[in-house]
Protein chains: 4
Amino acid sequence: MSEAGIDVGLLSPVTVGHDDLVTDAAILGALVTAEVALIRAYATVGAEVPGGLATAVEDVSIDLSALAAASVAGGNPVIPLVGLLKDQVPAADRVWVHRGATSQDIIDSALMLIARGAAAQVLASLAATEAALAEFAAAHRDEVAAARTLTQHAVPTTVGLRAANWLRGVRRASERLDAASAALPAQLGGAGGTLAAFVEAIGVERALALPVAFAAELGLATPDAPWHTTRWPVTELGDALVQAVDALGVIAGDVATLSRTEIGELAEGSGGGSSAMPQKRNPAASVLIRSAALRAPQLGATLHLAAALAVDERPDGAWHAEWPTLRELLRLALGASAHAATLVGGLRVDASAVARNLAMTNGLIVAERVSSVLGPLLGKERVGEIVRAAGEGEDLATLVDEELIEAGTTTVDVRSLLDPTYYTGLAGDIVDRALTPKNEKP
Amino acid sequence: MSEAGIDVGLLSPVTVGHDDLVTDAAILGALVTAEVALIRAYATVGAEVPGGLATAVEDVSIDLSALAAASVAGGNPVIPLVGLLKDQVPAADRVWVHRGATSQDIIDSALMLIARGAAAQVLASLAATEAALAEFAAAHRDEVAAARTLTQHAVPTTVGLRAANWLRGVRRASERLDAASAALPAQLGGAGGTLAAFVEAIGVERALALPVAFAAELGLATPDAPWHTTRWPVTELGDALVQAVDALGVIAGDVATLSRTEIGELAEGSGGGSSAMPQKRNPAASVLIRSAALRAPQLGATLHLAAALAVDERPDGAWHAEWPTLRELLRLALGASAHAATLVGGLRVDASAVARNLAMTNGLIVAERVSSVLGPLLGKERVGEIVRAAGEGEDLATLVDEELIEAGTTTVDVRSLLDPTYYTGLAGDIVDRALTPKNEKP
Amino acid sequence: MSEAGIDVGLLSPVTVGHDDLVTDAAILGALVTAEVALIRAYATVGAEVPGGLATAVEDVSIDLSALAAASVAGGNPVIPLVGLLKDQVPAADRVWVHRGATSQDIIDSALMLIARGAAAQVLASLAATEAALAEFAAAHRDEVAAARTLTQHAVPTTVGLRAANWLRGVRRASERLDAASAALPAQLGGAGGTLAAFVEAIGVERALALPVAFAAELGLATPDAPWHTTRWPVTELGDALVQAVDALGVIAGDVATLSRTEIGELAEGSGGGSSAMPQKRNPAASVLIRSAALRAPQLGATLHLAAALAVDERPDGAWHAEWPTLRELLRLALGASAHAATLVGGLRVDASAVARNLAMTNGLIVAERVSSVLGPLLGKERVGEIVRAAGEGEDLATLVDEELIEAGTTTVDVRSLLDPTYYTGLAGDIVDRALTPKNEKP
Amino acid sequence: MSEAGIDVGLLSPVTVGHDDLVTDAAILGALVTAEVALIRAYATVGAEVPGGLATAVEDVSIDLSALAAASVAGGNPVIPLVGLLKDQVPAADRVWVHRGATSQDIIDSALMLIARGAAAQVLASLAATEAALAEFAAAHRDEVAAARTLTQHAVPTTVGLRAANWLRGVRRASERLDAASAALPAQLGGAGGTLAAFVEAIGVERALALPVAFAAELGLATPDAPWHTTRWPVTELGDALVQAVDALGVIAGDVATLSRTEIGELAEGSGGGSSAMPQKRNPAASVLIRSAALRAPQLGATLHLAAALAVDERPDGAWHAEWPTLRELLRLALGASAHAATLVGGLRVDASAVARNLAMTNGLIVAERVSSVLGPLLGKERVGEIVRAAGEGEDLATLVDEELIEAGTTTVDVRSLLDPTYYTGLAGDIVDRALTPKNEKP
């Protein structure tokens with residue numbers, strides 16, 4: 001067997017191929033980037049940092065597994081990392097490596113950097129999903145289909161409206177993730193969150209400017225203050241990621257359901273096959289997305305717990321619980337969103353299945369309409385009898401015709417009354433509004 | 001024993017007395033309010049609703065337990081409720097009760113109404129908490145205390161900075177809850193989310209206006225479209241509530257810790273006593289708030305799961321899982337925030353305990369500073385020896401004095417170097433910024 | 001609106017009518033029972049308890065809401081309860097009320113008592129469910145149906161095997177819940193879990209006997225020692241309850257799926273109707289059970305968190321988080337199991353739908369068999385072509401016949417090969433084994 | 001940076017060095033082992049399996065990352081794996097590779113195999129922890145310390161009793177994990193869980209024997225039937241793992257608390273240091289164990305959700321959600337238990353801190369006893385005054401002496417009454433019982 005880490009994705013097909021930005025190697029890179037950014041920030045605020053130091057530190061080569069092993073004693077990877085970075089530079093310059101910082105400054109900043117990059121990729125996949133959904137919704141705007149509530153056919157809807165609703169969910173999640181990502185702050189507080197060591201090193205004025213410069217180096221938001229135990233940046237990001245996966249989970253759930261052998265209204269572009277059972281068209285992407293959707297909420301809950309238990313100036317376990325949880329949540333969002341973009345891009349509608357299903361209830365898909373239109377004319381009970389009879393197999397149109405003749409009513413256009421096409425309400429309108437970009441709305 | 005519902009709060013002391021707005025009776029009231037609002041909205045958009053109908057419906061008197069029992073068969077309380085409301089009005093007018101609506105329209109709208117009201121009360125309690133925190137932080141702005149990381153004394157901080165951090169967390173949560181609450185939409189889509197029955201009843205134009213009028217009646221946001229299976233209003237609210245409870249949980253965790261018999265820096269204004277052990281000053285409010293903080297994240301996760309599993313046009317269980325979960329989360333936020341306001345309002349600092357603890361490490365609370373200042377003068381190893389010796393009980397000032405004399409260094413003000421008061425960095429500055437309302441910031 | 005507690009079940013139709021054993025009133029009763037049991041246990045071990053004291057205490061009448069309100073200050077209801085109980089008895093006898101006990105002794109014991117009673121009712125409902133499942137599985141032992149994997153028809157199975165699998169899950173959960181319930185211990189440790197106050201009151205020997213007598217009075221297991229912070233009795237019970245709800249959730253999920261309008265193989269005995277859409281046969285019980293199944297796991301997680309955070313000799317919030325969580329979990333299990341028994345008891349199979357669905361894939365439900373049997377005869381590729389052609393609508397039997405003739409093979413009985421009835425493997429055998437009670441197995 | 005998988009442990013210091021048994025490489029090994037076991041099981045039941053086939057398959061060399069990448073299309077790694085394994089053997093023999101099996105048979109069996117191995121290692125670490133706890137509890141059986149409830153000193157307890165309680169929790173968790181591990185079954189059901197393809201291949205009798213032989217090859221329990229959608233083996237294992245981590249979390253929480261700078265009763269053998277703050281003795285192992293304890297319950301909840309949502313004959317996402325979740329839970333248990341064994345093995349008590357803390361409340365640690373003994377002699381109110389005065393700093397012994405003299409009481413031995421040593425109740429007895437192995441108990 002090949003040499004590898006603990007997890008190369010064998011048990012996580014939903015994320016395989018989409019997790020480059022959140023690997024341990026990427027995180028190590030971000031840790032180094034954060035240390036380098038601190039050195040550069042010192043220079044920016046006017047401290048006399050030795051020339052070439054940042055570059056020397058940046059050039060470090062580190063054995064990831066060895067670093068992970070060395071992280072155990074102190075409980076975090078920055079402690080051994082700093083030692084390795086200091087070894088890179090002349091003894092006289094070492095004071096400038098990690099100067100004034102605490103491990104949490106580096107880990108939090110690095111994870112925010114990773115999160116920023118991963119969120120950008122998730123947002124790109126969500127945007128692709130939205131574009132595909134918009135196209136799909138427009139294409140199927142007026143394709144009438146059965147709406148199902150509590151598993152049963154209820155009234156007509158349209159294939160387009162269903163997709164427009166998916167789109168609304170994904171778009172909202174995108175907006176939230178975008179906002180959460182933009183708010184991700186750098187972390188710089190020193191051992192106790194007072195920045196005392198920075199003040200000691202470079203004086204008050206420069207220490208005040210340092211977090212600004214540090215955040216700018218990293219392309220992260222400037223923190224209003226150290227947030228060592230004020231963990232909303234993590235939970236707000238987590239919530240937005242879970243919301244994104246929720247929205248994708250709804251699509252996947254609907255596609256899986258509507259792909260059922262008996263329903264067959266939708267099919268993924270490239271279903272997962274089975275060599276032994278070639279008739280199967282497994283909604284493989286939907287299955288994978290759903291596997292993510294079932295996991296994400298509990299990961300989000302762990303982030304909240306860690307936030308709620310952030311006691312002291314650095315808590316005794318809650319902070320450490322965040323790291324792998326946040327990474328896994330980023331990973332799920334990366335994988336689920338990538339699959340969703342592909343899934344929606346290739347999604348096919350079987351119009352004949354849609355029509356067949358719509359007609360399955362012997363016309364009763366418009367029972368609500370029949371009741372509301374004929375009730376005042378024939379009485380509620382009589383209409384009930386008609387509907388029951390249709391439910392048992394009699395022809396609804398004939399039944400209604402007969403009743404109306406008997407009642408001497410001639411004002412009702414029965415063909416039109418019973419045609420699901422004329423009972424989709426505002427479905428088209430809702431689709432149109434969903435397809436109009438926000439800033440073009442009145 | 002007295003007659004009562006299943007839950008009167010006996011097992012939930014954190015919420016007792018704070019849950020009036022979220023009782024089943026309040027929810028029943030909101031369901032009726034939603035039905036009445038629909039009737040009024042019809043009138044607003046120009047439908048010929050019989051005069052006095054809304055008032056007649058509003059005047060209904062309902063046996064709550066009987067309604068709950070009648071809810072089981074159909075799986076929701078609106079089905080039997082509509083029957084009772086129709087009984088209130090003349091047969092000819094009954095068509096206008098619940099006209100075109102689906103149960104989910106009423107339940108979702110009612111829960112959003114309840115949520116809006118409860119969120120307002122949570123926000124008021126958070127505001128009171130923030131005000132008390134601001135006062136507390138200002139009063140203790142410069143009171144130097146030990147910062148603790150991973151349970152151990154690290155460097156100095158201030159009592160005020162700790163409170164300012166609590167404040168920052170609560171304020172952020174307030175902002176998010178305020179935004180989530182303002183976004184809570186009414187729900188109006190009819191059986192399949194197409195508004196078809198509304199169009200049938202009053203035509204397209206009025207049907208388009210109906211949700212606007214309905215939302216206005218309820219004081220809720222106008223939905224961009226029906227959100228029967230697009231559940232971000234629920235999860236965003238849930239996330240904001242959990243975030244609020246997280247922020248309060250941090251305060252409670254710190255107060256509980258700092259109230260420990262051995263630490264004694266803080267005390268709740270009115271500690272929970274023990275008749276048998278009168279020496280105890282239990283941080284009772286903190287304990288109760290923490291009990292909420294340990295529960296809220298998992299409730300939030302359930303809301304996300306329900307959102308992710310919202311298949312079809314109404315899902316087969318996920319929606320129903322939301323109701324009690326959202327109510328419980330609102331309840332926890334109501335209770336925890338009310339207790340937090342009281343807790344912070346009465347919080348007392350034992351200045352002597354703060355000082356005693358600060359001095360506990362024999363001066364080593366400034367070891368970081370000693371290392372950074374004396375390291376370059378005496379060498380890292382020599383400083384290490386000094387610190388170790390102090391750790392074993394020798395007098396740090398004497399040790400440093402002797403070393404500096406031996407090294408011939410006279411530039412260091414040892415008293416000042418070792419005084420924690422001079423090693424609080426930007427603590428005061430951070431407090432000041434946290435106390436400045438956002439709109440007054442540059 | 002009627003007077004009532006916070007929660008009378010309006011938002012929890014799955015539990016309405018099934019939660020008598022876990023109401024706050026019932027819990028108050030159990031608290032009093034625990035205090036009375038302690039008095040009786042003292043008498044049992046030979047302490048000179050005043051005559052009639054237990055009865056006097058037992059006769060107390062308490063205002064539940066007032067007690068809940070009085071619970072807030074100290075954070076638990078036993079503190080005010082003990083005051084009320086002491087008021088019941090002569091001053092001289094008061095020392096015997098709650099003597100030596102701590103609030104946690106009473107609350108834990110009372111909750112275990114409630115749990116024991118509720119678990120017995122859950123077990124009864126599970127037993128009824130099992131009996132109905134056994135009958136159903138036997139009745140449909142050989143009814144061939146499509147097995148579905150990843151939403152797609154795969155191979156044949158039987159209606160009976162599906163039910164037998166449900167039965168296996170429920171039976172296992174019953175066994176676990178029975179074991180967890182039988183292990184539920186009384187709690188008796190005094191303020192610090194040392195039983196010191198009991199020793200002080202009645203000496204070592206009698207103090208050693210007291211927990212045994214106390215547990216016997218309550219019909220609970222004798223604890224091996226106080227478990228104030230060793231919370232496995234709570235988590236093991238919680239795990240068993242979640243497992244039970246899981247097993248019921250699987251049934252509900254399958255019934256909801258197989259009741260879909262397009263599938264229609266199963267129908268609940270009394271589907272939830274819709275007045276406006278009379279064609280609907282909502283699988284209402286399944287929906288309610290699923291709503292419980294989506295909530296239970298997170299409640300179980302909260303119990304584990306509380307267990308993991310049980311620091312000191314009584315933790316600062318974790319214990320309090322258990323109470324409402326455990327009650328809600330018991331409630332869900334009570335409701336879900338009661339509905340499951342009814343659901344399964346009334347479950348109907350539509351044999352024609354089963355047959356229609358089985359035939360839907362144009363014979364390819366046995367594609368796996370066709371491949372394995374014909375592959376060696378015709379070659380894998382040729383068989384693939386046949387299957388593909390059948391998937392596109394050609395008659396499978398004809399295709400196979402032609403190929404076999406062409407290949408000169410006459411040994412294959414094509415009718416039998418393609419008949420799903422002959423490709424159900426050990427389905428009948430598995431059903432039979434599942435129906436055999438464990439103690440009758442070889 | 002070095003080549004590596006996604007996760008080499010950089011963000012999970014609690015598991016680094018303890019996860020060899022659950023790496024993707026190990027899992028790939030187990031997948032191959034399961035395929036090989038199936039071939040061997042065929043031979044065992046008398047099928048004419050080509051000689052050397054199992055060995056040929058076993059000798060495969062697979063690129064793990066490539067396999068993971070190939071797993072995406074079909075959503076699981078067994079599909080491409082079978083292709084690779086077939087390539088290992090002559091065309092004529094390929095039919096015997098994976099014959100009759102479905103991917104789930106192999107994945108479930110492999111994960112159970114992995115779980116069995118990992119559980120054995122966890123059990124070994126728990127046993128080491130138990131042994132160390134027993135030694136520790138015995139050594140400190142009679143060392144009197146303050147018991148703390150709700151963060152406050154309550155009454156005396158012993159250091160040994162605290163450890164005995166830890167031991168009770170760990171031992172119970174061991175028993176449960178041992179039972180869950182022993183019950184882990186092999187999986188063998190074929191595509192639809194009917195074993196039809198096995199019957200087709202080798203006839204009914206041999207097909208009945210095949211799962212027995214397969215389980216025996218793997219050293220797993222024989223399943224009573226396929227459990228493709230009856231997931232108690234996974235949730236029971238998960239529950240037991242969470243329970244184990246809970247029990248370790250309690251130890252870690254107590255050690256972290258009692259290691260606080262102000263408390264200082266306990267210290268880990270090798271505290272995590274801080275170069276800048278050498279006075280710190282971070283309870284590093286406790287922090288890491290706590291980080292696991294905060295994550296495990298939500299992972300357990302995900303397993304239950306997956307179990308509850310296991311619809312059809314293979315669900316559309318729930319099963320896939322199990323894999324990484326179960327692995328992560330195994331990993332946390334491996335890491336937490338390994339750290340716990342080391343932690344407890346090196347745990348040190350600072351007897352002087354224990355004594356200092358015990359004396360902190362000016363004698364009021366025995367206030368409960370003072371009240372119960374002196375109450376009847378002096379009256380409840382008078383005793384209350386004494387206790388209050390002591391709480392404000394007066395000498396308790398003097399106060400009691402004076403009162404008793406005034407009351408003319410000479411029967412009370414005040415020194416003994418106030419000595420915490422004489423108020424530890426049954427602490428020693430409970431320790432002794434906890435130290436007695438179960439099978440030696442009467």
Side-chain angles (χ1 to χ4, degrees), chain A residues 1-2 4-13 16-17 19 22-25 27-29 62-65 67-69 71-77 191 252 256 272-273 276-277 282-284 286-288 290-291 293-295 298-299 301-302 305-306 309 316-318 320-321 323-325 327, chain D residues 1-2 4-13 16-17 19 22-25 27-29 62-65 67-69 71-77 191 252 256 272-273 276-277 282-284 286-288 290-291 293-295 298-299 301-302 305-306 309 316-318 320-321 323-325 327:
Chain A
M1 310 275 157
S2 59
I6 295 127
D7 180 351
V8 302
L10 194 71
L11 299 182
S12 180
V16 170
D19 35 24
V22 297
T23 60
D24 275 4
I27 288 162
L28 173 55
I62 290 168
D63 180 306
L64 189 50
S65 294
L67 183 69
S71 302
V72 179
N76 84 59
M277 296 173 288
N282 295 332
S286 297
V287 166
L288 294 184
R290 276 174 58 82
S291 79
L294 295 177
R295 294 176 59 208
Q298 291 77 258
L299 296 171
T302 298
L305 273 164
L309 294 171
D316 52 344
H320 298 71
W323 316 339
T325 306
R327 191 256 297 277
Chain D
M1 309 277 157
S2 58
I6 295 128
D7 180 351
V8 303
L10 194 71
L11 299 183
S12 180
V16 170
D19 33 25
V22 297
T23 61
D24 275 4
I27 288 161
L28 173 54
I62 291 168
D63 181 305
L64 188 50
S65 294
L67 183 69
S71 303
V72 179
N76 84 58
M277 298 172 288
N282 295 331
S286 297
V287 165
L288 294 184
R290 276 174 57 82
S291 78
L294 295 177
R295 295 175 58 208
Q298 290 79 256
L299 296 171
T302 298
L305 273 163
L309 294 170
D316 53 345
H320 298 71
W323 315 338
T325 307
R327 193 255 297 279

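Letters go in sequence order (proteins before strands), and every chain restarts at 1.
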Margin query: Let's test your reading of the structure: which of D:Ala68, D:Ser12, D:Gly17, D:Pro77 forms the most heavy-atom pairs below 4.5 Å with chain A?
Written below: D:Ala68
Notebook entry, point to check: What residues, two or more places apart in sequence or in another chain, satisfy side-chain hydrogen bond (donor to acceptor under 3.5 Å, both in side chains) together with A:Asp24?
Noted result: A:Arg327
Next item on the list: For residues D:His320 and A:Leu288, report the shortest heavy-atom separation together with the two atoms involved.
Entry: CD2-CD2, 4.1 Å
Notebook entry, point to check: Looking only at heavy atoms, what is the nearest atom pair of A:Gly75 and D:Pro13, with distance?
Noted result: O-CG, 3.4 Å
Checklist line | A:Leu294 to D:Thr302 - nearest heavy-atom pair and separation | finding: O-CG2, 4.0 Å
Notebook entry, point to check: Which heavy atom in A:Leu11 sits nearest to a heavy atom in D:Pro324, and how many Å separate them?
Noted result: O-CD, 3.3 Å
Notebook entry, point to check: Does any non-hydrogen side-chain atom of D:Gln298 lie less than 4.5 Å from one of A:Thr325?
Noted result: no
Margin query: Are D:Ser291 and A:Trp323 packed together at the side-chain level, in the sense that at least one heavy-atom pair is separated by less than 4.5 angstrom?
Written below: no
Next item on the list: Identify the two heavy atoms, one from D:Ala73 and one from A:Ala284, that lie closest to each other, and give their separation to 0.1 Å.
Entry: O-CB, 3.5 Å
Note to self: Let me confirm one number: the CG-CG distance from A:Leu10 to D:Asn76, rounded to the nearest 0.5 Å.
What the structure shows: 9.5 Å
Check: For the candidates A:Leu299, A:Leu67, A:Val72, which exhibits the highest count of non-hydrogen atom pairs separated by less than 4.5 Å from chain D?
Finding: A:Val72
